[in-house]
Amino acid sequence: MATMVQAIRMALHVGEERHGVTDVFGEDIGPPLGGAFTQTQGIKTSWNSPLDERGIVGMAIGLALAGQRPVAEIQFCDYAFNTIDLLKLAGAMHWSSAGDWKCPMVLMTPVGAGIRGSIYHSHSFDAQATRLAGWKIVCPSNPRDAYGLMLSAIVDPNPVMYLMPKALLRVKGRPGEEVPGEPGDDKALSKMIDQPPGGDRSKWRPEWPKLEDLFIPIGKASIVRPGKHVTIVTYGRDVLMALGAAEEAAKDGTDVEVIDLRSLHPYDWDAIKTSVKKTNRVIFVNEDTEITNFGEHLLRRTVEELFYELHAPPKLVAGKHVPGIGLADSLEHASVPQKATILAAIRETAAHVP
Amino acid sequence: MATMVQAIRMALHVGEERHGVTDVFGEDIGPPLGGAFTQTQGIKTSWNSPLDERGIVGMAIGLALAGQRPVAEIQFCDYAFNTIDLLKLAGAMHWSSAGDWKCPMVLMTPVGAGIRGSIYHSHSFDAQATRLAGWKIVCPSNPRDAYGLMLSAIVDPNPVMYLMPKALLRVKGRPGEEVPGEPGDDKALSKMIDQPPGGDRSKWRPEWPKLEDLFIPIGKASIVRPGKHVTIVTYGRDVLMALGAAEEAAKDGTDVEVIDLRSLHPYDWDAIKTSVKKTNRVIFVNEDTEITNFGEHLLRRTVEELFYELHAPPKLVAGKHVPGIGLADSLEHASVPQKATILAAIRETAAHVP
Amino acid sequence: MTATLTPEKKNGSHKELSPELLLQMHDTMVKARVLEERLITMYKQGDGYFWIGGPGEEAFGVPLGMLVQKGHGPEYDYLHLHYRGSPTIMAMGADPVDSLRQMKNTASDPYSRGRNFCCHYSIEKWNVVPVSSPIEVQYSMAPGTALANKRALGGKGTGITIVTGGDAGTAEGDFATCLIWSSRKGHELPVLIIVTNNLYGISTPYEGQHGETKISDRGKPFGMQTLTVDGNDPEVSYQALAAAMDYVRTERKPFLLEVMVSRLYGHSSASGANFVANETDCLAKFEQKLIDRKLITRERADTIRATYNQELLDASKKVREEPQPKPESIWDHVFADTAGNGAPKGSS
Amino acid sequence: MTATLTPEKKNGSHKELSPELLLQMHDTMVKARVLEERLITMYKQGDGYFWIGGPGEEAFGVPLGMLVQKGHGPEYDYLHLHYRGSPTIMAMGADPVDSLRQMKNTASDPYSRGRNFCCHYSIEKWNVVPVSSPIEVQYSMAPGTALANKRALGGKGTGITIVTGGDAGTAEGDFATCLIWSSRKGHELPVLIIVTNNLYGISTPYEGQHGETKISDRGKPFGMQTLTVDGNDPEVSYQALAAAMDYVRTERKPFLLEVMVSRLYGHSSASGANFVANETDCLAKFEQKLIDRKLITRERADTIRATYNQELLDASKKVREEPQPKPESIWDHVFADTAGNGAPKGSS
Ligand SMILES: Cc1ncc(C[n+]2csc(CCOP(=O)(O)OP(=O)(O)O)c2C)c(N)n1
Ligand SMILES: Cc1ncc(C[n+]2csc(CCOP(=O)(O)OP(=O)(O)O)c2C)c(N)n1
Ligand SMILES: [Mg+2]
Ligand SMILES: [Mg+2]
């Protein structure tokens, strides 16, 4: 079973072979490293950019305007906060020219905590990303979705932001989460597509498996665990957290439905609505800071449209509103949702008597 | 009665005379112009910066760290989106050094629509600002608050962002909204402190009235209209919009309470709670785009803490999630809340039968 | 600062310009000027909310537009202009009436359908990328289209990228980004980096804001060809642009060109949009030169101006009657595909 | 690139350094190196999550720290360092044990109380502003402290601002911001702008990313004094720094100094943190020079190193036992006054 980072790499390969990707670029994206997380090893069109995030986004916009198909990377989303104006412009290109120009670029960037990244390698970007009108925003939680969402992002005529939950990059898929065409055997796959450390890295060439196309539709959620009592709406790293908490809750007889949103914009409102109408209780979970948070948008819409369906106050479980995520485990754990936090929210919500 | 822009100018004057302000700077802030909105005319410590918003924020941080008291300006908040990383760092300076350093700077910037500013002179900044942990955020709706919040911002030991609703800058106060010490007569005030257009502007000197200190506490809301049936929580330009809508609603017998938050962070939760407990119906109004919006935070907290106080679904009235605000009046009006939009929300909320 | 041409120029671009070319240049300069004056009048008469434009830059902007390799796609030139680009767009052959439409923010405005300020052009079929308000962002995007230019026709193309912006704006990091990304050794890009220096940013004089004596010097550490020229003389501008473009087209490397220009009606309507007497009027000067050289008569020149004037006056009356955009049109073109279009809350 | 000193240097700073100074420099270089190696060991043994630091920069960083006008407030020097600043901080007299504390993210870490990565210093009493991860932001802030320096003591102060960063990072717009804001004619600022060039940004070589041959050339259009020196030779570094600082202190104008250095343990623990044999080891070289000059013996040098080694080994064991920060401490110091402190939801 491929890991998420292998899945991304395979999608980029398919993207450049079959779907017109012309450039995969960013800091340390080209040889010899192939990305801070190995995500671009062996990609033919990959190249190293100057250390300049504004330049990276600007280059991607320019390439996209000129009919190329760029996949650009910001090495950590923590370093994209000086590019919000350019991201807004990319999202506005089609609209402000009233349909004259298109800007089909993909911007990928690792997000979130869970690797002890301290203050400036632990940021989330969902609040920022969902504020960018004109962009589509996706965030996979497993290798198969990572593969299929990347291919959908690549062929999309709009700018698409691809948020990579960094804590999940090395996690393997569960059964059913295969990349179509990957060899069954992990070791075999690794031998084919993982660049051996050390040695002359710029000489190495991957041997790609025969990969099939898979387009996970942007805008479609996935019910990763059906349940009857409480709905959790989440994405990325917190899907696994929520599933863990749901397992625990099941022991007490609480049956939690977990929705992996996968696309943050446009998002699958039907999936949320259907689930809330069934469970009547809902918790929104994400890692971003809790003031002016995307989960608050989902919660607001739920309240506006489904007020009388709710048998308990809807809840947000999110990151704390502090200037950063501290390095010490004690600090990181206190700053972003953990399994225990989610479980506590489930229990409170499930136990609520209307 | 002073206008808001005169009030700001007078506060900056008092700030540099009595409260240690060392620098008031930004693009076109110094002579001869004294600010795109005349907000810094006659200010002794004012100076023109290079056209570089990152440099402006960086300079302000550096000055603040070195014990100066800077008031920096971003000419329109629309041009602050490439500085979010620096704003985050300013907010994190005290926290990340665990109390070692302070960064007492004021950043002022005009926000919002209402002057036919088109795509890039109509942005709101409340969603961005409220995401910045470590910052205090204020937004006045009348000259007296503008004066008193500026003085509080200046003496605050933290970075404070001062959002100036540009549609209100030329609006005079209502009775009770005087700047303490301003001469009663508008013409007299204008003669004293408004730089005459044309002529040798760099030679002109203002004659300041004898102004008194006034510190509007950061974190304290103001109930600008008490009411029994529906609460509106808003700030800045929309305070006047909400009051207008409330007047209309009163004709139908709906008595609307309007809370002017004044401080967006920290915000006056007690004021909101007390009001919602009284009216049991609440609408949050602001101009920023509606996905991942600060009003959604307030709504979320209301739902989490006051669920059973609510006799109608709480509502958000906000800007539309589109890439920009179009120039034509038809477009601008369709993009941000208008009196009619707010009135419709009041009617719906008031009429709701639980 | 006086006009000098680089020693690096080639192909004998210094040869005299033909009378036909000079007259064509003059005609387009008049047209561009009349357009700007019409826009200002519309603003002053309440037929628009804001004016910003390029009067005083015709002697540079018109030659630029004439020299553009106009077309669609990376075999042709890309233009990343700022809000003073009307002379260039007119020289490329755009209809001035469309500029009036944008001024009046009508639904018929082809550049933005009433969304954007006047002189914020967008012409996909001619590679004119959307002009946006934030100063200098175009300099970060230009290397992207330039890389596409470089790849076109298997590397044999002659299309280049042209980016313009003002003097004050060069303080933004994006200007440095453009210098850096276009001059990487072994990865040089065919981009003509232009700075129009009118010695002001709104109210702020050049003096006191710049450590560099000439902005064009900023290209030197990057091994770039650089030049500063008098943009108030269309012959000098034309020659300089031709030489610089020829270099960029042939060598596939960047060139930094600083052009000294006038701001003939001040910064924008925010500063009154009145004629500034102490700035050089490139059109008046050029006209006089053509008259002195007997290439045109005063009468003929006046007739040209009067004709354009009448045309645009008539057009402005018609444009006034054209419909405004519909409120619900704010939802149009959020996405290039259907997803989310018309969906106010971002649902699929 | 070879070391050259500016023709502009003054005050005969070229005179030989005294044996005492050389030995003091050597001692601190050893201390700084041993500290970094201890930090790496701690990382490798699981006593820390991430290492990044300055081994290979001692021959530049130590002289810098020795030459700092150390103190609090704008009469003294401000330091805006990046994550390779340990040699400088050690030369200023900081306790290396505190660096171990930050490595182990203990509550006793005085620089961030367990919040930040190792070598992210913050020492308010010595004007060392908090080191943060985003590359190059310090260059945007440096002009601010430099303006305060310039004003100190009624304009008669000698305090300056010193900012450092790497070669790759100069591609960020913030580097240009620093050049622009510090060189405005009539408003020049006393800032020593330093670039430590190790010819890499993580895995990306200098080659192919830069159009400029020397980074220091980027100061030239701004009329700045510039210099590129061999930072692997502490005598050369010392002299260059002394000359540059002297210029900035006296003239109250900026100076751009590029220092060629080694990255002796690679980029960070993310790239393995192993000794890189083909980089120049400035300490080994300097030690040999001192031995050759008979200023020190091999035995004495070995003893110095062994002593520091033992001290820091012992300290690391103690630090291991120090308490971790408490979870609720995330709320401490959000605000410098009480408002909002401890208030999880931003209410007053
Ligand atoms: C990023 C940004 N900051 C500020 C502004 C406001 N503004 C508009 S034009 C202008 C001055 C531009 O001066 P310059 O670059 O010299 O161009 P010019 O208008 O003189 O042609 C400013 C500050 C803006 N549009 N964008
Ligand atoms: C704004 C930003 N972008 C990317 C990174 C990730 N990063 C950390 S160090 C580094 C390379 C820095 O290279 P250089 O400036 O040469 O300094 P060196 O590490 O070589 O001393 C990068 C890309 C970052 N920390 N900040
Ligand atoms: Mg200018
Ligand atoms: Mg380096």
Side-chain angles (χ1 to χ4, degrees), chain A residues 22-23 47 49-50 52 54-68 70 82-83 85-86 88-105 130 133-134 136 156-158 217-221 263-270 272-273 297 301 304-305, chain C residues 72-74 78 80 107 109-116 120-125 127-132 134 137-149 151-152 159 161 173-174 176-178 180-181 184 187 325 329-337 339-340 343 345-348:
Chain A
T22 53
D23 299 85
W47 52 276
S49 77
D52 173 17
R54 293 184 64 74
I56 291 170
V57 176
M59 168 59 70
I61 294 174
L63 285 169
L65 292 176
Q68 312 288 297
N82 63 337
T83 69
D85 60 329
L86 292 172
K88 283 169 66 65
L89 285 165
M93 205 61 79
H94 188 68
W95 183 91
S96 63
S97 68
D100 194 28
W101 284 86
K102 287 190 180 68
C103 190
M105 58 185 273
T130 52
K136 297 186 181 177
D156 201 278
N158 302 287
I218 297 180
K220 230 38 235 128
S263 293
L264 280 57
H265 193 85
Y267 60 82
D268 192 341
W269 174 244
D270 281 345
I272 298 174
K273 187 163 63 179
H297 166 71
R301 190 168 180 195
E304 281 188 354
E305 299 191 22
Chain C
H72 182 252
Y78 284 98
H80 299 257
D109 148 30
Y111 305 127
S112 70
R113 310 270 165 210
R115 289 171 177 180
N116 217 338
H120 284 55
Y121 296 99
S122 167
I123 312 176
E124 204 251 357
K125 66 172 190 253
N127 283 354
V128 177
V129 313
V131 173
S132 70
V137 291
Q138 68 274 26
Y139 287 89
S140 281
M141 301 174 191
T145 52
L147 180 49
N149 287 133
R151 290 172 177 166
T161 284
D174 291 336
T177 286
C178 191
I180 288 167
W181 286 68
R184 298 162 62 213
H187 306 278
S329 74
I330 64 168
W331 298 110
D332 296 343
H333 309 297
V334 171
F335 285 123
D337 53 359
K345 285 169 178 167
S347 70
S348 62

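Chain letters run A, B, ... following the sequence lines, proteins first, then strands; residues in each count from 1. Model, not experiment: these values are computed from the prediction.
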Novice: If you measure from CE on M141(C) to CE on M93(A), what distance do you get to the nearest 0.5 Å?
Specialist: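 The CE atom of M93(A) is 4.5 Å from CE of M141(C), to the nearest 0.5 Å.
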
Novice: Taking S263(A) for the side chain and G219(A) for the main chain, is one N or O donor matched with an acceptor at less than 3.5 Å?
Specialist: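 Yes; at least one donor-acceptor contact below 3.5 Å.
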
Novice: Is it the side chain or the backbone of R113(C) that comes within 4.5 Å of chain A heavy atoms, both, or neither?
Specialist: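 Interface part for R113(C): both.
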
Novice: What residue in P143(C), C178(C), A146(C) has the most heavy-atom pairs under 4.5 Å with chain A?
Specialist: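 So the answer, after comparing P143(C), C178(C), A146(C), is P143(C).
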
Novice: Select, from N116(C), V131(C), L147(C), the one with the greatest count of heavy-atom pairs under 4.5 Å involving chain A.
Specialist: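 Looking at each of N116(C), V131(C), L147(C) in turn, L147(C) comes out on top.
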
Novice: Check each atom of S132(C) against the heavy atoms of chain A and say whether the ones under 4.5 Å are side chain, backbone, both or neither.
Specialist: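 Only the side chain of S132(C) comes within 4.5 Å of chain A.
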
Novice: Going through the distances and angles, do H80(C) and T145(C) end up as a side-chain hydrogen bond (donor to acceptor under 3.5 Å, both in side chains)?
Specialist: CA-CA 9 Å; H80(C) 299 257; T145(C) 52; 2.8 Å; yes

Novice: Of the listed residues (I180(C), T161(C), D174(C), N127(C)), which shares the most heavy-atom pairs with chain A below a 4.5 Å separation?
Specialist: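 Sorted descending by pairs with chain A, the first entry is D174(C).
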
Novice: Could you tell me if D109(C) and S112(C) have a donor-acceptor pair between their side chains, going purely by distance under 3.5 Å?
Specialist: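 D109(C) and S112(C) do have a side-chain donor-acceptor pair below 3.5 Å.
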
Novice: Is it the side chain or the backbone of D23(A) that comes within 4.5 Å of chain C heavy atoms, both, or neither?
Specialist: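 Contact with chain C: side chain only.
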
Novice: Taking the side chain from W101(A) and the backbone from V128(C), do they hold a donor-acceptor pair closer than 3.5 Å?
Specialist: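 Yes.
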
Novice: Measure across H94(A) and A336(C) and return the closest heavy-atom pair with its distance rounded to 0.1 Å.
Specialist: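 Shortest heavy-atom separation between H94(A) and A336(C) comes out as NE2-CA, 3.4 Å.
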
Novice: Is it the backbone or the side chain of I272(A) that comes under 4.5 Å from a heavy atom of chain C, or both, or neither?
Specialist: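 Looking at I272(A), nothing touches chain C.
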
Novice: Only pairs of heavy atoms separated by less than 4.5 Å count here; which of C103(A), A133(A), S49(A), A92(A) has the most with chain C?
Specialist: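 Heavy-atom pairs under 4.5 Å are most numerous for S49(A).
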
Novice: Less than 4.5 Å to any heavy atom of chain C: does that hold for the side chain of D85(A), its backbone, both, or neither?
Specialist: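 For D85(A), side-chain heavy atoms alone lie under 4.5 Å from chain C.
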
Novice: Which bit of Y78(C) is near chain A, if near means a heavy-atom gap under 4.5 Å: side chain, backbone, both or neither?
Specialist: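 Just the side chain, heavy atoms under 4.5 Å.
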
Novice: Who wins among I56(A), D156(A), V57(A) for the most heavy-atom pairs under 4.5 Å with chain C?
Specialist: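 Among I56(A), D156(A), V57(A), the one with the most close pairs to chain C is I56(A).
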
Novice: For D332(C) versus W95(A), what's the shortest heavy-atom pair and its separation?
Specialist: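 That would be O-CD1, 3.2 Å.
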
Novice: Answer yes or no: is there a side-chain heavy-atom contact under 4.5 Å between L63(A) and R151(C)?
Specialist: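 With C-beta onward as the side chain, the pair touches.
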
